[in-house]
Undergrad: 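Let me give you the structure first, and then I'll get to my questions.
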Amino acid sequence: MKTAKVKEKTNKKTQVETDTRISGADAIIQSLIIEGVDTVFGYPGGAIMPLYDKLLDYEDKIRHILVRHEQGAAHAAQAFGMVSDRPGVCLATSGPGATNLITGVANAFLDSVPTVFITAQVVSHLIGSDAFQETDIIGISMPVTKWNCQVKNAEDIPETIAKAFYIAKSGRPGPVLIDITKDAQIEKLDFKYKKCDYLRSYNPKLPLKTKALESAAIMINHAERPMILAGHGILLSGAEKEFKEFAEKTGIPVASTLLGLSAFPSDHRLFAGMLGMHGNYAPNILTNQADLIIAIGMRFDDRVTGNLKKYAKQASIIHIEIDNAEINKNVTVDIEIHNDAKEALTHLIPLVKPGSHEKWIREFRILDKTENDKVIKNETKPESGEIKMGEVVKTVSDMTNGDAIIVTDVGQHQMYAARYYKYTKPNSWVTSGGMGTMGFGLPAGMGAKLARPEKHVITFIGDGGFQMTMQELGTIMQYKIPVKIIILNNNFLGMVRQWQHLFFEKRYASTELVNPDFVAISKAFNIPAKKIVKREDLKGALTEMLNSEGPYLLEIKVEKKENVFPMVAPGAGVGEIRIE
């Protein structure tokens, strides 16, 4: 292994050079190290073997996690990026290795998570010949990456990787993909690495919209029934502190999108709950009674707005959003602030006056009581019957004091985890939002725990989603990743069944599951496991799981035909949300 030396340039830009020529594979790894990467997820194969061979020389600097399927690598890398301040990185070979990443790439794209995907390609002269395991991954991934590039010459590797990290992290973050031919990994080059901080025609940092901010402040200072919609962009920009200061100074209630959860403490007196199809009653109803909506780092997704023809027609709307393509895309707004959330809030805070909206907030509390009486009490403190998903989540929240990182798969359990866990710390919520990918939960739990080993990481998964990626128990076993796994088993594809129940005359087409013995499967991977079916066993089993030192799987048999409410039905407006 050839070590790198650092040369300080007069302009203080760090440039790294090696004293001898190294291979393209070496260059890939050294580039990743310079970018601060210490963990990569991946799966080897023919075209990427030169890179994997060189990884052995860097075991003291880069930890490689051998997953059991490339999709698992993609989800783990995304989760790693969501709970840390570094992009997740994963590797895959050509052909099926690369195509197996695509669901995870698309997932990271829709949720704007900085992730770097490196795939291998067949040797350059075979490209276009339908060679063994050749696939046009550049063409395939183009619609679901922020940027992608194919490298055929070793000398282009350092600059391309530097560019990839810059693009992934800057502006609206997102996944990038670099496809590197096998011969480029073998060729020699004089290694020089300079971190990228500028690209011609790419302008992720825009001039501050000072006039728009001044107009927004006037509107905020005069509003009587204002409401903040907090999105994932607050977390992506690292603006949690500024956002809390803004909300507390103005006294405006805060409602969160699904991915915006944990940007603002769930136990804060100004927190109004979650927006959207299965969000809380008050923020959905009162969206259509607010006189001002301040949307920050969110994109007015259909799950938030319901029927756009019925959405917030009475309100003025201020939209703070880093991606101009999202402004006026779904909802026409009155003030456009096309800037980073942290920067915009920093300059907006001095312009707004201290405020209090107690009368308006009381309206939220009245509707909260309605939801509590008709929904929450029964879901979190049932007096009889089978165990409910909501009570499991609420119990875990109480036992961990809202201090764990919660990861979910997709389905009913996801909505219960969003609703009933109290998120008191930023970036403590990891889920698949825009893509809604079943199978996300287990590998994402691995990635989150490897990024934040000091935190309890608890993954809630349905019995359907678990079986999509349960092979990753092998990864958890091999690396002894102490993630806690809770399977909420109702023997159904619960969310699909709910729609069949409500909208398809209870015709349960292909949604009832005959499941294997999850405990036996877990134990086959040397992971301790337990199954409970009785409410009186719940706290004891959760205590045992939380106190265990290594990984642990707890299967909990829950009510089979439970429906998640409140719910905004398809075609309905948010003001028409059903509470039962």
Undergrad: Ignoring hydrogens and geometry, is there a side-chain-to-backbone donor-acceptor pair from Trp429 to Ala263 under 3.5 Å?
TA: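 A pair under 3.5 Å: no.
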
Undergrad: Using a 4.5 Å cut-off on heavy atoms from C-beta on, say whether the side chain of Ile102 contacts that of Ser141.
TA: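 Yes; the side chains approach each other to less than 4.5 Å.
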
Undergrad: Do the rings of Phe191 and Tyr193 sit parallel, tilted or perpendicular, given the 30° and 60° boundaries?
TA: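 Answer is parallel, since the angle falls under 30°.
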
Undergrad: Do the non-hydrogen side-chain atoms of Thr475 and Ile65 ever get within less than 4.5 Å of each other?
TA: yes

Undergrad: Is a donor on one side and an acceptor on the other found under 3.5 Å between the side chain of Tyr166 and the backbone of Asp197?
TA: yes

Undergrad: Look up atom CD1 in Ile485 and atom CZ in Phe518, then write down how far apart they are to the nearest 0.5 Å.
TA: 12.0 Å

Undergrad: Give a yes or no on whether the backbone of Gly238 and the side-chain of Lys342 come within a donor-acceptor separation of less than 3.5 Å.
TA: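 Yes, the answer is positive, given that a donor and an acceptor are paired below the 3.5 Å cut-off.
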
Undergrad: Would you name the heavy atoms of Phe41 and Leu450 that are closest together and state the gap between them?
TA: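 For Phe41 versus Leu450, the nearest heavy atoms are CE2-CD1, 3.5 Å.
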
Undergrad: Report yes if the side chains of Met468 and Gln71 come closer than 4.5 Å at any heavy-atom pair, otherwise no.
TA: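 Met468 vs Gln71: side chains apart.
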
Undergrad: Within the 4.5 Å heavy-atom criterion, are Pro175 and Val144 side-chain neighbours or not?
TA: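 Side-chain contact under 4.5 Å: no.
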
Undergrad: Should Met545 and Leu542 count as side-chain neighbours, where that means a heavy-atom distance under 4.5 Å?
TA: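 Answer yes - side chains close enough.
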
Undergrad: side-chain contact (heavy atoms from CB on, under 4.5 Å) between Ile234 and Glu242: does it pass, once the steps are laid out?
TA: CA-CA 9 Å; Ile234 295 168; Glu242 291 79 7; over 6 Å; no

Undergrad: Could you check if a side-chain atom of Gln412 sits within less than 4.5 angstrom of a side-chain atom of His278, using non-hydrogen atoms only?
TA: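 Side-chain contact under 4.5 Å: no.
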
Undergrad: Answer yes or no: does atom CE of Met477 have more than 12 heavy-atom neighbours from other residues, nucleotides or ligands under 6.0 Å?
TA: yes

Undergrad: Looking only at non-hydrogen atoms, find the nearest pair between Ala79 and Ala444 and report the distance.
TA: CB-O, 3.1 Å

Undergrad: Any chance you could lay out the side-chain contact (heavy atoms from CB on, under 4.5 Å) test for Thr115 and Cys90, step after step, and finish with the verdict?
TA: CA-CA 8 Å; Thr115 320; Cys90 75; 5.6 Å; no

Undergrad: Who are the side chain to side chain contact (heavy atoms under 4.5 Å, CB included) partners of Leu110, not counting sequence neighbours?
TA: Met435

Undergrad: Do Thr408 and Tyr416 get their side chains close enough for a donor-acceptor pair, meaning under 3.5 Å?
TA: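 No.
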
Undergrad: Enter the distance from Asp57:CG to Gln30:CD here, rounded to the nearest 0.5 Å.
TA: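 Those atoms lie 10.5 Å apart.
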
Undergrad: Which side chain to side chain donor-acceptor pair (under 3.5 Å) pairs, counting each pair once, include a residue from residues 452-470, with sequence neighbours left out?
TA: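 Sorted pair list: Asp403-Lys455, Arg452-Glu454, Asp463-Asn515, Gln467-Asn515.
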
Undergrad: Within the side chain of Thr424, is there an N or O that forms a donor-acceptor pair under 3.5 Å with the backbone of Gly402?
TA: yes

Undergrad: From Thr135 OG1 over to Asp130 CG, what is the distance, rounded to the nearest 0.5 angstrom?
TA: 9.5 Å

Undergrad: Between CE of Met82 and CG of Leu259, what distance do you get to the nearest 0.5 Å?
TA: 5.5 Å

Undergrad: Nearest 0.5 Å, please: how far is CD in Gln133 from OG1 in Thr99?
TA: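 Answer for the OG1-CD pair, Thr99 versus Gln133, is 9.5 Å.
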
Undergrad: So, the side chain of Gln185 versus the backbone of Asp26: is there a donor-acceptor pair under 3.5 Å, distance only?
TA: no

Undergrad: If you look at every heavy atom in Leu493 and Gly464, which pair is closest and at what distance?
TA: CD2-CA, 3.9 Å

Undergrad: Is Lys241 atom NZ crowded by more than 12 heavy atoms from other residues, nucleotides or ligands, each under 6.0 Å away?
TA: no

Undergrad: Verify the neighbour count for atom NZ of Lys329: are there more than 12 heavy atoms of other residues, nucleotides or ligands below 6.0 Å?
TA: yes

Undergrad: Looking at every heavy atom in both Gly46 and Thr93, which two are closest together, and how far apart are they?
TA: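 The pair with the smallest heavy-atom distance is N-OG1, 3.6 Å.
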
Undergrad: Are the side chain of Glu472 and the backbone N or O of Gly445 linked by a donor-acceptor pair below 3.5 Å?
TA: no

Undergrad: Do Tyr552 and Lys530 have side chains that approach each other closer than 4.5 Å (heavy atoms only, starting at C-beta)?
TA: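 Counting from C-beta outward, Tyr552 and Lys530 do come under 4.5 Å.
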
Undergrad: Any heavy-atom pair between the side chains of His413 and Val558 that's under 4.5 Å?
TA: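 They are not in contact (no side-chain heavy atoms under 4.5 Å apart), so the answer is no.
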
Undergrad: Does Glu134 reach the main-chain N or O of Gly128 with its side chain, forming a donor-acceptor pair under 3.5 Å?
TA: yes

Undergrad: Test your reading of the model: is there a side-chain donor-acceptor pair from Ser31 to the backbone of Ala27, 3.5 Å cut-off?
TA: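 A pair under 3.5 Å: yes.
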
Undergrad: Return yes if some donor-acceptor pair links the side-chain N/O of Lys484 with the main-chain N/O of Gly550 below 3.5 Å, else return no.
TA: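 Checked: pair present.
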
Undergrad: Pick one: which of Ile127, Val122, Asn153 meets side chain to side chain contact (heavy atoms under 4.5 Å, CB included) with Thr181?
TA: Ile127

Undergrad: More than 12 foreign heavy atoms under 6.0 Å from CD of Glu159: is that the case here?
TA: no

Undergrad: Under 4.0 Å between a side-chain nitrogen and a carboxylate oxygen: does that hold for Asp517 and Lys531?
TA: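 Looking at Lys531 together with Asp517, the answer is no, because their closest N to O distance does not fall below 4.0 Å.
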
Undergrad: Measure the spacing between CD1 of Ile487 and CD1 of Ile521 and express it to the nearest 0.5 Å.
TA: 8.0 Å

Undergrad: Can Ser94 and Lys182 be said to form a side-chain hydrogen bond (donor to acceptor under 3.5 Å, both in side chains), step by step?
TA: CA-CA 9 Å; Ser94 64; Lys182 189 173 184 178; over 6 Å; no

Undergrad: I need the single residue from Tyr58, Tyr52, Tyr43 that forms a ring pair (Phe, Tyr, Trp, His ring centres under 6.0 Å) with His64. Which is it?
TA: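 Of the listed options, the one satisfying the test is Tyr52.
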
Undergrad: Would you say the side chains of Tyr202 and Ser170 form a donor-acceptor pair under 3.5 Å?
TA: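 Tyr202 vs Ser170: donor-acceptor pair found between side chains.
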
Undergrad: Do you know the tightest heavy-atom contact between Ala120 and Asp179?
TA: O-OD1, 3.3 Å

Undergrad: Determine, step by step, whether Arg86 and Thr39 satisfy the side-chain contact (heavy atoms from CB on, under 4.5 Å) criterion, reporting the C-alpha distance in whole Å, the side-chain angles of both residues, the deciding distance to 0.1 Å, and the verdict.
TA: CA-CA 10 Å; Arg86 297 171 291 162; Thr39 302; 5.9 Å; no

Undergrad: Is there a donor-acceptor contact under 3.5 Å from the side chain of Asn148 to the main chain of Ile138?
TA: yes

Undergrad: Mind running side-chain contact (heavy atoms from CB on, under 4.5 Å) on Thr431 and Phe460 for me, showing each step along the way?
TA: CA-CA 10 Å; Thr431 198; Phe460 288 100; over 6 Å; no

Undergrad: Taking all heavy atoms of Pro87 and all of Phe165, pick out the closest pair and write down the distance.
TA: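 Heavy atoms of Pro87 and Phe165 come nearest at CG-CD2, 4.0 Å.
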
